[in-house]
Structure formats: structure tokens, C-alpha cells
Asker: 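Can you read through this structure? Questions will come right after.
Worth saying up front: this structure is predicted, and the values here are computed from it rather than measured.
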Amino acid sequence: MKKYILIVLLLAGALTGKTQEKSIKLTLSEVLNIAASQSIDAFRNKNMYLASYWQYRYYQAERLPSLSLSSDPVDFNRYRGKEYNFQTNQDEFRYRQYFNSDVSMSLSQNITPLGGRLYLQSGLEMIKNLGGDKSTSFTSTPVSINYMQELNGYNEMKWQSKIEPLKYEKAKKDLIQNNEELNQKAVTVFFSLA
């Protein structure tokens with residue numbers, strides 16, 4: 001803290017353009033405000049808390065349902081493929097080209113007590129043959145229900161639900177304690193200079 005008061009004194013001297021030493025009168029509450037707003041310890045304390053805060057928010061967001069939409073609107077393929085000709089009883093290379101388009105929607109939710117994930121999916125796909133018979137075909141999945149579960153027996157979500165709130169509470173208490181320690185340093189420096 002002595003460094004900060006010395007820097008403030010030097011800056012005040014530099015701004016006035018004089019090299020004479022000037023004294024600045026600060027009250028205890030002003031010193032505490034300067035320490036809380038401009039010190040490196042205050043910056044570190046705040047950022048350590050914010051890191052824990054956003055980690056906790058990420059933990060909470062993972063527990064919310066998620067809706068996703070995936071689509072492949074245009075897929076054009078042209079290739080030569082080997083096919084068996086039943087009339088001549090031999091393999092032939094035939095030229096094929098088709099247009100494909102699909103869209104699917106998925107709603108998923110983590111199930112914390114079981115450690116798995118539940119999915120609801122729906123999809124629609126179209127294939128249009130651009131050569132030969134020029135046919136178009138569609139396929140759809142109105143609703144598909146899936147559940148995915150790890151088999152190794154370790155339920156990470158259950159343990160996170162016990163640990164993450166405790167880690168966030170610890171971060172809040174650490175912020176309060178670190179700010180109190182910063183105030184103690186500022187008071188010690190203030191009275192040692194007085």
C-alpha cells in the first residue's frame with residue numbers, strides 16, 4: 001500500500017510539473033476506497049470471485065434443457081458407382097446424381113440422479129434423383145425418444161450437484177475474507193504513515 005501512496009504522490013507531482021515534494025491529506029475512508037478500487041489485490045480478489053461465479057453459472061446452465069436445430073439444406077452429389085446389371089449379369093459403372101436436403105430438431109435434458117441424458121428428436125429428409133427416373137422420396141421421424149447412459153457406474157452430474165454449490169459458497173466467503181485482509185493492510189499502512 002505504501003507503493004500506491006508513493007505512486008499517487010509522484011503522479012501528483014508530475015501532473016503539476018514541479019519536482020517539489022507535496023503532501024496529500026487522505027482520510028482513513030479515502031484510503032480504504034482507494035485500496036478497494038485501485039489495488040492489485042482488489043483486482044485479483046474480484047477476478048478470482050468472478051471465475052468461480054461463471055463456473056457456477058456454467059454448472060447451472062448444463063442442468064437446463066437444450067434445443068438444437070441441425071440442417072443440411074443443399075447437398076448435391078454426382079458420382080460414378082459400381083452397380084450390378086441383372087440383365088447382362090455383370091457389374092457396370094453408372095453415372096448417378098442426386099440432390100439431398102434434411103432438417104432435424106432435438107430437445108435434450110440431463111437427468112442428474114441417473115447421470116444420463118434424455119433426447120427427443122424429430123427429422124425430415126428428402127432425396128431427389130436427378131438422373132434416370134428423376135424420382136423424389138421423403139422420409140420423416142415424427143418423434144424419437146432416446147436415453148444415453150454411461151455404463152462405468154460413475155455419476156459425474158450427481159457429484160457436481162453436491163460439489164459446485166459448495167465451491168461457489170467458498171468463493172463468496174473467500175471474497176469477503178480477502179477484502180477484509182485488504183482493508184487491514186490499508187489501515188496498517190495508513191496508521192504507520194500517520
Side-chain angles (χ1 to χ4, degrees), residues 1-72 103-121 146-194:
M1 196 62 198
K2 291 179 184 179
K3 293 177 185 177
Y4 299 118
I5 294 175
L6 183 60
I7 290 172
V8 170
L9 293 174
L10 290 175
L11 288 175
L15 292 176
T16 59
K18 298 179 182 176
T19 58
Q20 296 176 355
E21 195 172 311
K22 288 191 168 189
S23 63
I24 297 176
K25 294 183 181 182
L26 296 173
T27 64
L28 179 60
S29 62
E30 291 172 340
V31 170
L32 292 176
N33 287 338
I34 290 171
S37 63
Q38 297 179 10
S39 71
I40 292 177
D41 288 338
F43 178 76
R44 185 185 63 81
N45 295 343
K46 179 183 173 188
N47 285 314
M48 293 294 287
Y49 170 74
L50 286 176
S52 296
Y53 171 76
W54 286 111
Q55 182 179 359
Y56 183 69
R57 290 291 304 266
Y58 177 75
Y59 154 76
Q60 288 179 322
E62 281 188 327
R63 300 311 182 257
L64 298 174
S66 71
L67 179 66
S68 62
L69 176 71
S70 64
S71 176
D72 192 2
V103 63
S104 65
M105 186 179 297
S106 173
L107 178 67
S108 63
Q109 172 69 52
N110 284 328
I111 310 296
T112 301
L114 302 175
R117 192 165 184 90
L118 182 67
Y119 295 92
L120 293 174
Q121 295 177 324
N146 303 312
Y147 181 74
M148 187 172 69
Q149 172 89 35
E150 294 283 334
L151 294 177
N152 66 1
Y154 173 64
N155 186 350
E156 182 180 359
M157 287 183 271
K158 183 178 178 182
W159 286 107
Q160 283 180 347
S161 67
K162 292 180 179 181
I163 293 171
E164 288 299 326
L166 295 176
K167 285 169 62 176
Y168 181 58
E169 286 299 317
K170 181 183 181 302
K172 287 195 284 189
K173 290 177 182 177
D174 285 346
L175 176 67
I176 293 169
Q177 180 181 353
N178 290 336
N179 286 339
E180 289 298 320
E181 288 173 0
L182 178 63
N183 288 339
Q184 287 176 354
K185 286 180 191 177
V187 168
T188 303
V189 169
F190 178 79
F191 285 112
S192 69
L193 289 176

Asker: What pair of heavy atoms forms the shortest contact from Ser161 to Tyr59, and how long is it?
Answerer: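 Here Ser161 and Tyr59 meet closest at CA-OH, 3.1 Å.
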Asker: Take Val31 and Val189, measure what side-chain contact (heavy atoms from CB on, under 4.5 Å) needs, and give me the verdict at the end.
Answerer: CA-CA 9 Å; Val31 170; Val189 169; over 6 Å; no
Asker: Can you name the nearest heavy-atom pair linking Tyr49 to Leu175, along with the distance?
Answerer: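 Heavy atoms of Tyr49 and Leu175 come nearest at CG-CD2, 3.8 Å.
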Asker: Give me the atom names and distance for the closest heavy-atom approach of Leu107 to Pro65.
Answerer: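 Shortest heavy-atom separation between Leu107 and Pro65 comes out as CD1-CB, 4.3 Å.
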Asker: Is there a donor-acceptor contact under 3.5 Å from the side chain of Gln38 to the main chain of Phe43?
Answerer: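 Side chain of Gln38 to backbone of Phe43: no pair is present.
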Asker: Ignoring hydrogens, what is the shortest heavy-atom contact between Thr27 and Phe190? Give both atom names and the distance.
Answerer: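 Heavy atoms of Thr27 and Phe190 come nearest at C-CE1, 3.9 Å.
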Asker: Within this structure, what is the CG-CG distance for the pair Asn33 and Leu28, rounded to the nearest 0.5 Å?
Answerer: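 Here the interatomic distance stands at 9.5 Å.
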Asker: Report the distance from atom CD of Gln109 to atom CZ of Arg63, rounding to the nearest 0.5 Å.
Answerer: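 Going from the CD atom of Gln109 to the CZ atom of Arg63 covers 9.5 Å.
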Asker: For the atom pair NZ (Lys162) and CG (Leu166), what is the distance rounded to the nearest 0.5 Å?
Answerer: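 Taking NZ in Lys162 and CG in Leu166, the distance rounds to 10.5 Å.
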Asker: Step through the shown structure and confirm whether more than 12 heavy atoms of other residues, nucleotides or ligands are within 6.0 Å of CD on Gln60.
Answerer: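 Result for CD/Gln60: enclosed.
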Asker: Got a sec: does the OH of Tyr58 have more than 12 other heavy atoms crowding it under 6.0 Å?
Answerer: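 Open.
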Asker: Roughly how far, to the nearest 0.5 Å, is CE of Met48 from CZ of Arg44?
Answerer: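 Reported to 0.5 Å precision, the distance equals 6.5 Å.
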Asker: Report the distance from atom OG of Ser52 to atom CD of Glu169, rounding to the nearest 0.5 Å.
Answerer: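 Here the rounded value is 11.5 Å.
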Asker: Which pair of heavy atoms, one from Met105 and one from Leu67, lies closest together, and at what distance?
Answerer: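 Heavy atoms of Met105 and Leu67 come nearest at CG-CD1, 3.8 Å.
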Asker: Quick one: does any side-chain atom of Asn179 pair with a main-chain N or O of Ala42 as donor and acceptor, under 3.5 Å?
Answerer: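 No: the side chain of Asn179 does not pair with the backbone of Ala42.
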Asker: Applying side chain to side chain donor-acceptor pair (under 3.5 Å), run through Glu181 and Gln177 and close with a yes or a no.
Answerer: CA-CA 6 Å; Glu181 288 173 0; Gln177 180 181 353; 3.2 Å; yes
Asker: How far apart are the closest heavy atoms of Ser106 and Tyr119, and which atoms are they?
Answerer: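 That closest heavy-atom pairing would be OG-CD2, 4.0 Å.
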Asker: Is Ser66 close to Arg117 at the side-chain level, that is, under 4.5 Å between some pair of heavy atoms?
Answerer: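 In short, these two side chains touch, coming nearer than 4.5 Å.
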Asker: Verify the distance criterion only: is there a donor paired with an acceptor across the side chains of Glu62 and Asn110 at less than 3.5 Å?
Answerer: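 Glu62 vs Asn110: no donor-acceptor pair found between side chains.
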Asker: Does the side chain of Val103 reach to within under 4.5 Å of the side chain of Leu69, using non-hydrogen atoms?
Answerer: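 The answer is yes, as the side chains (C-beta and beyond) meet within the 4.5 Å cut-off.
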Asker: Roughly how far apart are Ile111 CD1 and Tyr147 OH, rounded to 0.5 Å?
Answerer: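 Nearest 0.5 Å value for the CD1-OH distance: 6.5 Å.
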Asker: Using the six-membered ring wherever Trp is involved, compare the ring planes of Tyr56 and Tyr168 and label them parallel, tilted or perpendicular (cut-offs 30° and 60°).
Answerer: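 Parallel, since the angle between the ring planes stays under 30°.
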